[in-house]
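Report on one structure; see the data block that follows.
Letters go in sequence order (proteins before strands), and every chain restarts at 1.
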Amino acid sequence: MDPKIFNASTFDRSSPVTTSFFITFALRKIIMIMSIQLSEQEQFRRQALHELMDLGVDPYPAEGFAVNVIAREILDTFPGDNSLYQDVSLAGRIMGRRIMGSASFAVIQDDTARIQLYFNRDEICPGEDKTWYNTVFKRLLDIGDIIGVRGHVFTTQMGETTIHVKEFKILCKSLRPLPVVKEKEGKVFDAFTDPEQRYRNRYQDLIVNPHVKQVFRQRARMIESMRGYLLDAGYLEVETPVLQPIYGGAAARPFKTFHNTLNTTLYLRIADELYLKRLIVGGFDGVFEFAKDFRNEGMSRFHNPEFTMMELYVAYKDYLWMMDLVEEMVEKIAIDLHGTTKVQTGDHEIDFKRPWKRYTMYEAIEHFTGTDISEMDEASMRQFAEGIGIETDNTMGRGKLIDEIFGEKCEEHLIQPTFITDYPVEMSPLAKKHRSKPGLVERFEAICNGKEICNAFSELNDPIDQRARFEEQLELGKRGDTEAMVLDEDFLRAIETGMPPTAGLGIGIDRLAMIMTNSASIQDVLFFPQMRPEAASAAKTTGDDFIRAGIPEVWVPVLQQAGYPELNALQEANANKVFNQLCGLRKKMKLDIPAPKPEEVRSWVEKSKIS
RNA sequence: GACUUGGUAGCUCAGCAGGUAGAGCACAUCCCUUUUAAGGAUGGGGUCCUGGGUUCGAGCCCCAGCCAAGUCACCA
């Protein structure tokens with residue numbers, strides 16, 4: 001490692017950064033103008049940035065920084081063998097500092113953990129010049145800055161594994177203060193918890209809340225585990241269009257967009273089902289896709305407008321076979337993530353150990369209501385539904401009633417993973433009719449923690465039946481069901497070509513991630529959940545009108561800060577008051593420009609009246 | 001979409017009956033050689049979400065709006 005990138009030699013004053021002097025000068029002016037709107041802490045940091053540059057230190061060096069160890073490894077291994085790590089180099093963000101005269105402690109955080117640093121003035125600055133320690137380290141560095149350090153590991157008197165720093169290098173100066181979260185013996189103080197702030201500024205959340213990072217690592221491992229299972233089984237991972245001329249495969253409202261060259265409306269996909277089935281028609285026997293789907297519907301802690309779904313289609317199989325696959329795959333995921341089939345989520349411990357309970361929908365309803373509704377006709381079923389407090393109306397057929405009763409009385413009670421099978425045909429236009437039970441389809445959902453986590457069926461491959469089902473959906477659409485499916489002629493053509501009997505599965509990756517990471521809301525397993533856009537900050541006027549009136553450019557932002565966003569605003573102003581305001585701001589902001597003269601300000605106000 | 005709660009310093013939060021806007025951490029200045037959320041001292045920092053209204057006076061009361069969270073509804 002080149003020693004020159006460290007240490008006092010890097011800011012040798014005899015080699016100032018003359019080449020960039022001009023740029024620096026311009027930059028400072030911009031910074032000065034910007035700083036009028038900045039908080040005091042942000043201004044201090046910009047000030048520190050200048051001072052670093054004055055010392056010849058590049059706060060944003062171009063070259064990389066060679067790291068030879070990660071914090072986690074030191075913390076895990078060093079206590080067992082104190083002879084290790086006698087020349088380490090690592091980098092991270094400063095998360096805390098405790099400065100006491102000529103010795104200091106700091107904490108830096110890399111991707112893996114936080115580790116304490118010890119700095120001693122006379123080791124950081126062996127010669128006479130103590131600037132690198134006294135000025136650069138103590139005064140010009142802040143929490144949030146990123147540095148690289150080199151030194152050896154030791155244990156402090158307090159018993160904490162610490163890096164004794166011999167040299168350090170600034171890798172990035174941070175201009176915004178970070179929320180400061182402190183922790184002692186597992187207790188967290190001043191936690192950064194406001195969900196809005198956390199989701200809008202996820203980078204801050206990730207920096208100060210290490211457990212958040214852990215959730216996303218687990219999510220990634222979950223997907224890795226699932227993908228591994230499917231690839232091992234020999235299925236092909238594919239990609240299908242997000243932009244679709246006709247949306248289908250689910251009952252949901254789409255997002256609509258427009259392609260200029262084709263001069264046509266396109267929709268963002270709500271499911272990839274119809275495309276994956278075309279691939280089964282085409283002769284692939286097993287295809288799957290991890291897909292972002294988009295549904296233009298309400299948002300809640302279980303719904304985000306874009307979400308991830310894994311869909312799998314396997315030829316020559318049926319829904320019974322698919323149930324076994326789901327059990328096996330999800331059990332494997334639980335073990336890969338937690339080392340056991342048991343997963344704690346909220347107040348419940350969920351056990352994914354096979355086999356899971358299996359109920360038909362009728363059985364589930366009988367189990368939770370004590371009534372067997374399988375033989376009821378629509379009228380008596382409606383009466384039964386009303387009797388247990390469900391609102392009904394005449395548009396609801398038998399299938400919808402069954403679904404309502406199940407949703408109201410059963411779903412929330414199913415905490416342990418449970419398969420619910422054999423759904424009413426009306427709700428499932430893409431599923432094959434049940435081999436033995438009229439009016440039902442061969443479909444199952446897995447319910448876990450009171451929520452659906454997957455949906456699967458023996459796929460309908462009878463093209464005549466499929467066309468009829470689509471036409472029923474069209475009828476629903478005409479009656480005002482905004483989520484009814486549209487008829488996809490191209491898909492029907494594919495089915496008419498002949499699709500083998502096929503089992504299909506859709507599994508909600510976000511929902512499963514919530515359970516596997518013990519997260520209460522979908523926003524906690526998405527890096528950037530959809531949020532309402534922040535109110536546009538009041539449109540900043542350019543200030544051109546001030547300049548046209550001959551007011552010096554340097555005073556424009558100050559005038560705006562003083563409450564005169566544009567020239568017109570000066571018309572009514574008292575010139576003496578404006579003069580006082582400008583002088584006050586000049587002092588407050590420590591602006592490096594001469595104060596205006598009263599008559600100058602008076603002339604500006606006059607000009608504003610003329611214009 | 002309905003209801004409830006909330007929005008005050010960079011962060012976490014107080015604030016009252018309507019009377020000069022507060023604390024802790026962070027920040028700044030000074031002192032201090034191994035500290036542990038946190039050494040000591042001093043100090044700076046605010047669009048009290050926005051806009052109206054009531055009032056001599058509004059962070060607080062009223063109206064409207066914006067944003068968020070929770071519950072419910074919708075979501076095969």
Side-chain angles (χ1 to χ4, degrees), chain A residues 37-45 47-48 96-107 116-123 138-139 142-144 154-160 162 164 174-201 204 208 249-253 270-271 273 295-305 307 391 399-400 403-404 406-407 423-431 441 443 445 451-452 455 457 473 476 481-485 506 520-521 523 531-538 561 563 588:
Chain A
Q37 287 129 25
L38 296 175
S39 73
E40 189 187 38
Q41 288 194 48
E42 289 172 299
Q43 292 181 48
F44 280 130
R45 286 176 181 235
Q47 186 61 38
R97 294 196 305 160
R98 293 181 291 278
I99 293 173
M100 353 154 14
S102 57
S104 303
F105 289 87
V107 175
Q116 179 165 269
L117 306 178
Y118 169 73
F119 291 82
N120 180 295
R121 182 184 60 206
D122 297 325
E123 292 185 59
K138 279 169 61 175
R139 204 158 60 73
D142 287 292
I143 289 176
F154 75 110
T155 304
T156 62
Q157 291 173 7
M158 300 304 292
E160 181 158 346
T162 301
H164 187 125
S174 166
L175 296 182
R176 280 181 186 265
L178 225 44
V180 178
V181 180
K182 303 211 171 177
E183 197 210 314
K184 161 99 178 205
E185 286 156 11
K187 253 179 100 177
V188 178
F189 299 83
D190 296 333
F192 180 57
T193 52
D194 179 12
E196 178 174 2
Q197 298 263 49
R198 289 181 46 228
Y199 301 150
R200 287 195 195 278
N201 306 317
Q204 285 193 338
V208 305
R253 286 147 72 185
I270 58 172
E273 170 150 2
R295 297 188 182 177
N296 205 341
E297 295 179 339
M299 289 161 59
S300 73
R301 73 190 172 95
F302 294 102
H303 300 85
N304 193 64
F307 61 100
E391 286 182 30
K400 182 71 181 168
D403 193 57
E404 285 292 319
F406 177 80
Y423 283 63
V425 64
E426 296 91 328
M427 316 300 300
S428 315
L430 298 166
V441 292
R443 169 177 171 188
E445 289 188 2
K451 281 279 163 189
E452 169 194 345
N455 182 14
F457 25 87
Q473 290 289 311
L476 287 176
D481 184 344
T482 52
E483 293 177 345
M485 293 191 193
S521 73
Q523 285 80 15
M531 304 284 283
R532 207 174 290 272
E534 283 184 280
S537 50
Q561 175 73 10
K588 186 176 176 193

Among [options], find the nucleotide with the atom closest to the side chain of [X].
X	options	answer
A:M427	B:C67, B:U36, B:A76	B:A76
A:F105	B:U34, B:A26, B:A76	B:U34
A:H164	B:A76, B:U34, B:C67	B:U34

Suppose you measure atom [atom1] in [N] against the same atom in [M]; what distance do you get, rounded to whole Å?
N	M	atom1	value
B:A58	B:G18	C1'	6 Å
B:G19	B:G59	C1'	13 Å
B:C27	B:A17	P	36 Å
B:U54	B:C62	C1'	7 Å
B:G46	B:A14	C1'	15 Å
B:U34	B:G15	C1'	41 Å
B:G22	B:C16	C1'	13 Å
B:G53	B:U42	C1'	44 Å

Send over the distance from [X] [atom1] to [N] [atom2], rounded to a whole Å.
X	N	atom1	atom2	value
A:Q47	B:G45	CD	C1'	16 Å
A:R98	B:C27	CZ	C1'	17 Å
A:R176	B:C27	CZ	P	17 Å
A:N201	B:A68	CG	P	14 Å
A:E42	B:C27	CD	P	14 Å
A:D142	B:A28	CG	P	6 Å
A:F154	B:U35	CZ	P	10 Å
A:F189	B:C25	CZ	P	12 Å

Name the pairing partner of [N], where a pair is Watson-Crick or G-U wobble with both distances under 3.5 Å, or state none.
N	value
B:C48	none
B:G22	B:C13
B:C60	none
B:G6	B:C67
B:U55	none
B:G1	B:C72
B:C27	B:G43

Worksheet item: Hey, is the side chain of A:E160 pairing donor to acceptor with the base of B:U35 inside 3.5 Å?
Response: no
Practice prompt. Please evaluate the base of B:U34 for a donor-acceptor partner in the side chain of A:T162 within a cut-off of under 3.5 Å?
Written response: no
Tell me what [X] touches on the nucleic acid: a base, only sugar-phosphate, or nothing, going by heavy atoms under 4.0 Å.
X	answer
A:S428	nothing
A:F302	nothing
A:E183	sugar-phosphate

Considering residues at least two apart in sequence or located in another chain, which fulfil the side chain to side chain donor-acceptor pair (under 3.5 Å) criterion with [X]?
X	result
A:R121	none
A:N304	none
A:R295	none
A:S102	none

Please list each protein N or O that sits under 3.5 Å from an N or O in nucleotides 29-32 of chain B, with the distance.
{"unit_1": "B:C32", "atom_1": "N3", "unit_2": "A:G101", "atom_2": "N", "d": "2.9"}
{"unit_1": "B:C32", "atom_1": "N4", "unit_2": "A:G101", "atom_2": "N", "d": "3.0"}

Not counting sequence neighbours, which residues clear salt bridge (charged side-chain N to carboxylate O under 4.0 Å, His left out) with [X]? List them please.
X	value
A:E404	A:K400
A:R253	none
A:R139	A:E51
A:D142	A:K173

Closest approach of [X] to [Y] (non-hydrogen atoms, all atoms of both residues):
X	Y	result
A:I143	A:R45	O-NH2, 2.9 Å
A:Q523	A:R301	OE1-CA, 3.6 Å
A:S428	A:R443	OG-NH1, 2.7 Å

Worksheet item: Of all residues at least two apart in sequence or in a different chain, which pass the ring pair (Phe, Tyr, Trp, His ring centres under 6.0 Å) check with A:F119?
Response: A:F137, A:F168
Item to complete: Go through A:L178 and A:V208 one step at a time and tell me if the side chain to side chain contact (heavy atoms under 4.5 Å, CB included) criterion holds.
Response: CA-CA 8 Å; A:L178 225 44; A:V208 305; 4.1 Å; yes
Worksheet item: What orientation do A:H164 and A:Y118 show, parallel under 30°, tilted 30 to 60°, or perpendicular over 60°?
Response: perpendicular
Discussion item. Between A:Q157 and B:U35, is there a contact of a side-chain N or O with OP1 or OP2 at under 4.0 Å?
Written reply: yes
Worksheet entry | Any A:K182 side-chain nitrogen or oxygen under 4.0 Å from OP1 or OP2 of B:A26 | yes
Worksheet item: What distance separates A:E196 CD from A:N201 CG, expressed to the nearest 0.5 Å?
Response: 9.0 Å
Show the distances under 3.5 angstrom between N or O atoms of the protein and N or O atoms of nucleotides 69-71 of chain B.
{"unit_1": "B:U71", "atom_1": "OP2", "unit_2": "A:R301", "atom_2": "NE", "d": "3.1"}

Nucleotide N/O of nucleotides 7-15 of chain B paired with protein N/O under 3.5 Å:
{"unit_1": "B:G10", "atom_1": "N9", "unit_2": "A:Q41", "atom_2": "NE2", "d": "3.4"}
{"unit_1": "B:G10", "atom_1": "N7", "unit_2": "A:Q41", "atom_2": "NE2", "d": "3.1"}
{"unit_1": "B:C11", "atom_1": "OP1", "unit_2": "A:Q197", "atom_2": "NE2", "d": "3.1"}

Item to complete: Find which nucleotide of RNA chain B each of A:R295 and A:M299 is nearest to by heavy atoms, and output the residue with the more 5' nucleotide.
Response: A:M299
